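Values below: all heavy atoms of this structure, side chains included; hydrogens, waters and symmetry mates excluded. Given the structure is predicted, the values throughout are model-derived calculations rather than measurements.
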Amino acid sequence: DEIGTASDLPIGRTDRQSEGTYRLRERKDAALFGYAVGPDSWKRYLHPPQRRLWRATREAGAVTVEEMSAPPLRAFLGVRACELAAIKRLDKIFLEGDYINGAYAMARRNALIIAVNCGSPSETCFCSSMETGPKVDKGYDLALTELIDEKGHRFLLEAGTQVGQKLIAEINTRPANDDDMAAAHRVTKTARAQMGRTLRTEGLKEGLAQNADHAHWAEIADRCLACGNCTQVCPTCFCTSIEDHTNLQGDQAERVQVWDSCFTSQFSELSGGQVREMTASRYRQWMTHKLSSWFDQFDTSGCVGCGRCIAWCPVGIDITKEAEIIAGAGQALT
């Protein structure tokens, strides 16, 4: 949410996540970033769940059309490595190729990214398997590592851009010494060792593509509610639909872009009927796209290992376990 001062951060709080479970807990220290990730990702601000494309108003016989306005300037504080990787994947979708998404491009330009190296992964995290964390890679303006030890509570800052360098120059800092660097390295090293899940990606793309008729798809469908929670919390799912609205007076109309999900029955509906009538085919579409055919489209995986789809699935379906069964390439650890 929006914050005004550092006191608005979740001081001394952490989260416990597992299949279908998200709980807040108290920590024994006053860490500001001592948690993993919540249900919302930064996608909500770059590719919002609802965005008006245009609005037309008729008044005194004349029609005026109001197009979309530029998104505000924002600073994203606390971007984790997996989320930074997700933003890079959205960049490939919306900023590369022949078709550029203008709204996303403006929101991206207007975002200052202050990343935080993860020190508290959850039971559902597997970013190290996807090579997307826990240490942030390039793509940030500033990167923080929170250090709490016998020397006190402090942050190691790294600048990734000239904007980040200017920000550091405006605050009271001192050069990091070898002990600070070693402490920061221990934070991400420990986080890597504490990952709650792992997913072996070797052969995963091919294994899923070759097992479209695996019997386990039906077993997943018996549990899956087709609610779309996994797609809503996923930081890289990007599908949308278009809605047209007209007021009762008939003098105002607007077109709105909204998030959609491949789990809804309407998503694949054509004039002749639904392409994917059964839940099994919808889940298969989601998983094989995320972990397999994304490589054909975008030359990367659609999964960053944040674990949100596991925690926020009402019936606790675990993508790492399902990949293990269907493709024989995943291994779930608890």
Side-chain angles (χ1 to χ4, degrees), residues 1-2 38-76 79 83 86-113 225-277 279 282 285-286 289-290 294 297-298 302 306 308-309 312-314:
D1 204 347
E2 292 187 8
D40 279 334
S41 68
W42 306 101
K43 179 181 73 173
R44 173 173 293 275
Y45 303 101
L46 296 172
H47 178 53
Q50 187 175 70
R51 181 173 66 87
R52 188 175 70 238
L53 302 179
W54 54 262
R55 179 167 57 193
T57 303
R58 183 177 58 196
E59 186 175 4
V63 175
T64 58
V65 177
E66 176 188 356
E67 296 186 1
M68 62 181 185
S69 58
L73 295 172
R74 288 192 173 102
F76 295 165
V79 181
E83 298 178 308
I87 292 175
K88 293 177 183 177
R89 281 155 174 74
L90 292 179
D91 288 349
K92 292 182 71 69
I93 296 164
F94 294 127
L95 299 181
E96 297 182 8
D98 297 329
Y99 304 99
I100 307 299
N101 186 304
Y104 179 88
M106 285 191 290
R108 192 71 169 88
R109 285 196 301 268
N110 288 350
L112 173 79
I113 295 181
L225 305 178
C227 66
N229 265 20
C230 51
T231 59
Q232 302 304 292
V233 299
C234 177
T236 64
C237 279
F238 59 90
C239 292
T240 58
S241 184
I242 298 295
E243 297 178 354
D244 290 325
H245 304 152
T246 305
N247 68 357
L248 293 177
Q249 291 76 21
D251 56 7
Q252 189 174 89
E254 65 180 14
R255 174 161 290 182
V256 180
Q257 175 185 279
V258 296
W259 282 356
D260 206 343
S261 170
C262 52
F263 281 90
T264 64
S265 59
Q266 298 87 357
F267 185 79
S268 62
E269 187 173 10
L270 303 176
S271 58
Q274 296 175 357
V275 176
R276 303 182 187 94
E277 295 184 357
T279 300
R282 296 174 197 166
Q285 156 65 21
W286 177 72
H289 186 217
K290 189 69 60 178
W294 258 69
Q297 286 184 282
F298 308 114
C306 70
R308 284 185 173 95
C309 62
W312 294 96
C313 174

Trainee: Please round to the nearest 0.5 Å and tell me the distance separating atom CH2 of Trp294 and atom NZ of Lys92.
Mentor: 9.5 Å

Trainee: Do Thr231 and Cys239 make a side-chain contact, defined as non-hydrogen atoms from C-beta onward lying under 4.5 Å apart?
Mentor: no

Trainee: Using modelled atom types and a 3.5 Å cut-off, is there a donor and acceptor pairing between side-chain atoms of Arg282 and backbone atoms of Glu277?
Mentor: yes

Trainee: Check Val63 against Ala56 and note the closest heavy-atom contact, atom names and distance.
Mentor: CG1-CB, 4.3 Å

Trainee: Report yes if the side chains of Arg52 and His245 come closer than 4.5 Å at any heavy-atom pair, otherwise no.
Mentor: no

Trainee: Look up atom OG in Ser265 and atom CZ in Arg276, then write down how far apart they are to the nearest 0.5 Å.
Mentor: 12.5 Å

Trainee: Any heavy-atom pair between the side chains of Pro39 and Gln232 that's under 4.5 Å?
Mentor: no

Trainee: Are side-chain heavy atoms of Val256 and Leu53 found at a separation under 4.5 Å?
Mentor: no

Trainee: Kindly give the heavy-atom pair with the smallest separation between Ala111 and Leu46, and that separation in Å.
Mentor: CB-CD2, 4.4 Å

Trainee: Is any side-chain heavy atom of Val233 closer than 4.5 Å to a side-chain heavy atom of Asn229?
Mentor: no

Trainee: Is the closest side-chain heavy-atom distance between Arg108 and Asp91 below 4.5 Å?
Mentor: yes

Trainee: How about Trp54 and Glu66: do any of their side-chain heavy atoms sit closer than 4.5 Å?
Mentor: no

Trainee: Hey, can you tell me if Phe238 and Phe298 have their rings parallel, tilted or perpendicular (30° and 60° cut-offs)?
Mentor: perpendicular

Trainee: Identify the heavy atoms of Arg58 and Gly250 that sit nearest to each other, and give their distance.
Mentor: NH2-O, 3.1 Å

Trainee: Atom CD in Gln285, atom CZ in Phe263: separation rounded to 0.5 Å?
Mentor: 9.0 Å

Trainee: Can you tell me if CD on Gln249 sees more than 12 non-hydrogen neighbours from other groups inside 6.0 Å?
Mentor: yes

Trainee: Can you tell which of Lys43, Glu83, Lys290 makes a side chain to side chain donor-acceptor pair (under 3.5 Å) with Thr236?
Mentor: Lys290

Trainee: What is the minimum heavy-atom distance between Trp286 and Cys230, and which atoms define it?
Mentor: CZ2-CB, 4.0 Å

Trainee: Grab the two heavy atoms, one from Ile100 and one from Leu95, that are nearest each other, plus how far apart they are.
Mentor: CD1-O, 2.8 Å

Trainee: So Pro235 and Arg89, do their side chains get closer than 4.5 Å, heavy atoms only?
Mentor: no

Trainee: To the nearest 0.5 Å, tell me how far Arg44 CZ sits from Gln50 CD.
Mentor: 11.0 Å

Trainee: If you take all heavy atoms of Pro48 and Trp259, which pair is closest and at what distance?
Mentor: O-NE1, 3.2 Å

Trainee: Taking Arg308 for the side chain and Asp40 for the main chain, is one N or O donor matched with an acceptor at less than 3.5 Å?
Mentor: yes

Trainee: Salt bridge check, Asp244 against Arg255: does any charged N sit closer than 4.0 Å to a carboxylate O?
Mentor: yes

Trainee: First locate atom CG of Asn247, then atom CD of Gln252, and finally report the distance between them rounded to the nearest 0.5 Å.
Mentor: 5.5 Å

Trainee: Is the distance between the ring centroids of Phe94 and His47 less than 6.0 Å?
Mentor: yes

Trainee: Roughly how far, to the nearest 0.5 Å, is CZ of Phe76 from CD1 of Ile87?
Mentor: 6.5 Å

